[in-house]
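Below: one structure, written as C-alpha cells.
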Amino acid sequence: MLNNRIIALIKRELREKLMTKSFIIMTVSVPLFMLLILGLQMLIMLYQGDKGTRIELITQSESLTDSYKKYLAKLDFIKDESYIINYNTLPRRSLKDHIEARKKEILSGKLNGVIYVPSTALEDKEVEYYSKTPNNLNLFQKLNNHINEVLIDQYFSEKGLTDEELEFARMGVRFNGFKVTEKDELEKQGVGNSILAMLFSFLIYFSLLFSGGMTLNSVLEEKSSKVVEVLLSSVNSRELMTGKIIGCTITVFAQMVIWLLPIVILVTTTWIILPEWLVIDINYGHLIYFLINFLLACLIFQGLYATVGAIFDNAQEAQSGIFPIIMLIMIPFFLSFTLMNNPNNNLAVVSSYIPFATIFVMPLRFTIVDIPVWKLILSQLINVATLMLIFPLAGKIYRVGILRTGTKPTFREVLRWLRD
Amino acid sequence: MTDNTHALEIHGLSKSFGDIKAVNNASFDVPEGSIFGLIGRNGAGKTTIMRMMMNVYLPDSGDILIRGKKAGQEFRNSVGYLPEERGLYKKMKVLETLLFFAELKGKKGKAVSDTAKGYLERFDLMDRMNSKVVELSKGNQQKIQFITTILHNPEFIILDEPFAGMDPININILKEMILEKKREGKIIIFSTHLMDFAERMCDHIAMINYGKIILNDSLSSIKTRYSQKNVTLTYEGDISFLENNPIVEKMSDFGNSIGIRLKDRDQTQELLRLLLNNNVKVKKFDSEDISLQEIFIELAGRPTGEDFYLAE
C-alpha cells in the first residue's frame, strides 16, 4: 500500500511540518491557550460583579425581621459589605406604597431591589422580589438558602426541637458518586474524569481544526505554485493525496502524543498527587482507545480538507467548502459537552454510533462511564467505514480538482467529477 | 500495429472537457532515438495530449503504448516531464528539491546527489544549493525545473513548451542540453507553437489543429512532400503582378520572405524569369523549399491573432 513514492511524499510533508517552528509554537500554545481559557472561566466564575448590592429586606413581623438581621449579619458577603441589607417590617397593605416610595431609588440603581418575605412564606415559602432586574439569578443563588434557613428556624422554633434537630432540618442532601464497574470494589469518583473527558474533546477539536487548515493550505499551495502537475507526472493523484494525508496525520498525531504525556505521567506515576475530588481514573486502554479514535478522525478530516483544497483555487474561495466540514467538527464537539451531564442518556448512546459524532462522543463517554469493549470496537468500525466511504469519493474529486483552475466550480460540477 | 522502431505509439486518443473536444482521435508514433515535435497553435490540444501521456489526465478513449506495451508506472519512472506550467515548492531548498523529485522517480542516494551537484555546477548554480527556491531568479528557477526533469536520467524526456518565457541565453542552454540528450540516445518529445524551433531541432513532427493530428511524419519526408511546387523568395521590389499569374497557385507572405506555390513543379524557371523581367531584385530564391509555417498554413489555414508565429 505504501510504495516508495508515497514514502517520499510523506517524508517531504514531515520535513516541512514536523519539528518546524510553527509545529513547536502550536504544540506549546494549545495547552497554554486551554489553561488560559480555564483560568479565564475561573476568574469569570469568581467575579460575580455584585459587590455593593443594596437590598431592602422586609418581613411582616418584627421577630422574623430580627431573625434575618441576626442570621445574615454572620455571613461573609454581608460582613465585607458586598451586600448591604436594610431591614424593615411592614404589613402587606403598606407594601405597595412603600415600593412606590422606593421607586426612584430602584430605577436610579441606588437600591437594587426589595425582598418581601410575607408571613405566608412560613406555609408556602413564596417570597417576592421587586427590582429593575427581577430575575437576578446570581442574587437568588446567593440568598435562597439563607432566606430558607431562617424560615426553617422560625417554623420549627415553636415545635420544641433541639439545636441538632434544627441543624439536620436545615441541611440539604449531598450526592456522592460511586462508580459501578466490572471490578469488585466500588470506587468513589470525583470530577477528575469529567474534566479529562472535556479536555479530550477540546484536544480533538483543536487538533482537527488546526491540522485541517494545515492540509488545506498545503494543497492550495501546491495548486497555486503549479507544482502539482510536476508531481502528477511521477505519482498518481491517489498516491499524492495519500502521502499528504498520512504526512499531516503523523504530524498532528505526534503533537497529540506530546499533549497527552502529562496525562500519562499523571495516570502511571505517583509524582503528582491530585485531591480526591480530582482523581483521574483511567488506564492505558483509555489512552490507546483515544489515540486510535484520534488517528482515524485525523485521516477522515484530512481527506475532507484535502478534497476541499483541490476544489478551490485559494483560501478565500475555499471558505465556502470548509464550512460544512467545520460543522462536522463543531456540532459533535458541542454535542459532546451537553452529553457530559448524563453520558448514558439515549442521545449520548445513539450519537456514539453516528459517523463523525462518534469521534467526539464515544471517547467522552468512555472516560466517564464504563463501555463494553465490543461497543468501543463498533464505534471505531464506524470510523473505519466512514473513512472507506470518504476516501474513494475524495480521491475522485481530488483527481479532477487538483489540476483545475479558473472559476469557482459549482456544487453540480463537483458532483459531475464524481460521476466521471 | 506494433512497430519495433517506434518507442511510443499513440492510438486514437480522445479527451473532452464538457462540450469541448480538446483532443479528437489523435494518433501518431514517436521513433526511437528521435527528437519529436508536437506542434500547433495555442489551445490546439498539445498540452492535453502530453498530460494524457503522463497519466495526469485520463483519456476518454485511445491507447498509449510504450514499445508495444500500455504505459504504466514503469513508463512514468522512465520519463522526465517538464510541464507547461512550471512549479516548484517555493520554500524548499534547491538541492532538497532536486533530490525529492528524483526520489519520486525511484532514484536516491549518493549517486543521484552527486549527479544533482554536477548539474548545478554546469548551470552555474552550485553556490545556490542551499538557497530556497523562492530566493532564485525566475531564470534560475527554470534551470532547476529542467534539472528535476533530467536528473533521474530518464529514457524519455517530455517537454511541454520548453522555451516559453525563457531568455535567449537560457534557450541556448536548453537547446544544447536537448541535443546532448539526443546524442545519449534519449527520446525527446516536445511541444511548441514556435515553428522555427521545431524545424531546426526535430526529426519527426506531429502537427495538431483543433485537437486533430493533421500531419505526422519525419521532417524530411514532410518537407519533400510539400516543397515540390514551392519556392521561398527573398526580394526587393513589387511582385503584385504575380497575384493573378496563371502559373501561381498561392502566395503566402511571411514578412521577410514570401512562399510561392506553383501550379506545376516545372514552372520554377519561368517564375524566376518573370521576376527578373519585372525588375524584381532577387536576393534569395529557394526552389523546393518550404517552412513548417507554410505547411501548417496550407493544412490548417492561416490562424487568427498572434497565437502562432515564427520564433525571433
Side-chain angles (χ1 to χ4, degrees), chain A residues 3-17 20-22 217-240 242-244 247 310 313 395-396 398-407 409-410 412-417 419-420, chain B residues 15-18 47-48 50-58 60 71-73 75-93 96-108 112 132-134 141 144-149 151-152 154 156-160:
Chain A
N3 57 37
N4 290 337
R5 292 181 297 280
I6 297 180
I7 290 169
L9 290 165
I10 293 172
K11 273 161 56 183
R12 200 202 78 83
E13 289 293 326
L14 294 181
R15 220 175 8 240
E16 195 159 278
K17 297 189 174 80
T20 56
K21 214 186 287 175
S22 60
N217 287 332
S218 174
V219 176
L220 286 172
E221 193 208 329
E222 276 173 4
K223 267 188 97 170
S224 63
S225 69
K226 313 283 183 198
V227 75
V228 68
E229 193 177 342
V230 189
L231 292 169
L232 288 178
S233 70
S234 303
V235 302
N236 61 43
S237 60
R238 190 184 54 80
E239 289 171 334
L240 181 59
T242 309
K244 182 160 294 298
D313 279 0
K396 278 188 176 183
Y398 189 87
R399 183 184 172 95
V400 183
I402 196 76
L403 280 167
R404 195 188 169 285
T405 50
T407 51
T410 60
R412 194 183 280 181
E413 268 179 278
V414 176
L415 285 181
R416 202 168 52 224
W417 299 353
R419 285 199 301 270
D420 285 347
Chain B
K15 178 77 185 173
S16 296
F17 298 102
T47 297
T48 307
M50 290 200 150
R51 284 180 171 175
M52 284 192 280
M53 283 160 71
M54 294 313 304
N55 201 30
V56 172
Y57 286 158
L58 286 179
D60 296 337
Q73 185 61 44
F75 168 62
R76 282 204 272 174
N77 286 344
S78 65
V79 175
Y81 174 57
L82 182 77
E84 185 184 14
E85 291 185 337
R86 321 275 197 262
L88 295 168
Y89 288 109
K90 305 282 179 218
K91 289 177 195 159
M92 237 171 143
K93 290 179 179 169
E96 246 176 40
T97 301
L98 296 176
L99 298 181
F100 166 66
F101 283 107
E103 195 177 347
L104 285 184
K105 297 285 189 185
K107 296 279 169 76
K108 57 180 179 178
V112 77
K132 286 183 179 172
V133 169
V134 71
Q141 285 186 26
I144 299 298
Q145 187 97 48
F146 185 70
I147 300 174
T148 64
T149 310
L151 179 59
H152 58 290
F156 293 84
I157 299 169
I158 298 181
L159 312 167
D160 193 359

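Just the heavy atoms: all of them, side chains too, but no hydrogens, waters or symmetry mates, feed the values below. None of these values were measured; they are calculated from a predicted model. Proteins get letters first, then strands, A, B, ... in listed order; numbering begins at 1 in each.
Annotation: the span from A:Asn3 atom CG to B:Gln73 atom CD amounts to 7.5 Å, rounded to 0.5 Å. In this structure, the separation between CZ on B:Arg76 and CG on A:Leu232 is 8.0 Å, given to the nearest 0.5 Å. Atom NZ in B:Lys105 sits 3.5 Å away from atom OG in A:Ser234 (nearest 0.5 Å). Taking CG of B:Asp160 as the reference point, atom CD of A:Glu229 lies at 7.0 Å (rounded to 0.5 Å).
Only the side chain of B:Met92 comes within contact range of chain A, with heavy atoms under 4.5 Å apart. For B:Leu82, no part sits under 4.5 Å from any heavy atom of chain A, backbone or side chain. Contacts of B:Val56 with chain A are made by both backbone and side-chain atoms, with heavy-atom separations under 4.5 Å. Looking at B:Asn55, the atoms closer than 4.5 Å to chain A (heavy atoms on both sides) sit in the backbone and in the side chain alike.
Among A:Ala8, A:Ser225, A:Ser233, A:Ser237, the residue making the largest number of heavy-atom pairs under 4.5 Å with chain B is A:Ser233. When the candidates A:Ile402, A:Leu231, A:Asn4, A:Ile7 are compared by the number of heavy-atom contacts under 4.5 Å with chain B, A:Leu231 comes out ahead. Most heavy-atom pairs under 4.5 Å with chain B: of the set A:Glu221, A:Glu239, A:Lys11, this distinction falls to A:Lys11. Heavy-atom pairs under 4.5 Å with chain B were tallied for A:Lys226, A:Arg15, A:Glu16; the largest tally goes to A:Lys226.
Using a 4.5 Å heavy-atom cutoff, the side chains of B:Tyr81 and A:Val230 are not in contact.
For A:Arg12 (side chain) and B:Phe100 (main-chain N/O), no donor-acceptor pair under 3.5 Å exists by modelled atom type.
Across all non-hydrogen atoms, the minimal contact from A:Val227 to B:Gly87 is CG2-O, 3.4 Å. Of all non-hydrogen atoms in A:Arg5 and B:Leu104, the two that sit nearest each other are CG-O, 3.3 Å.
Counting heavy atoms of neighbouring residues, nucleotides and ligands inside a 6.0 Å radius, atom NZ of B:Lys90 exceeds 12 of them.
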Candidate pair A:Glu222 and B:Tyr89, rule side chain to side chain donor-acceptor pair (under 3.5 Å), full reasoning: CA-CA 7 Å; A:Glu222 276 173 4; B:Tyr89 288 109; 2.5 Å; yes
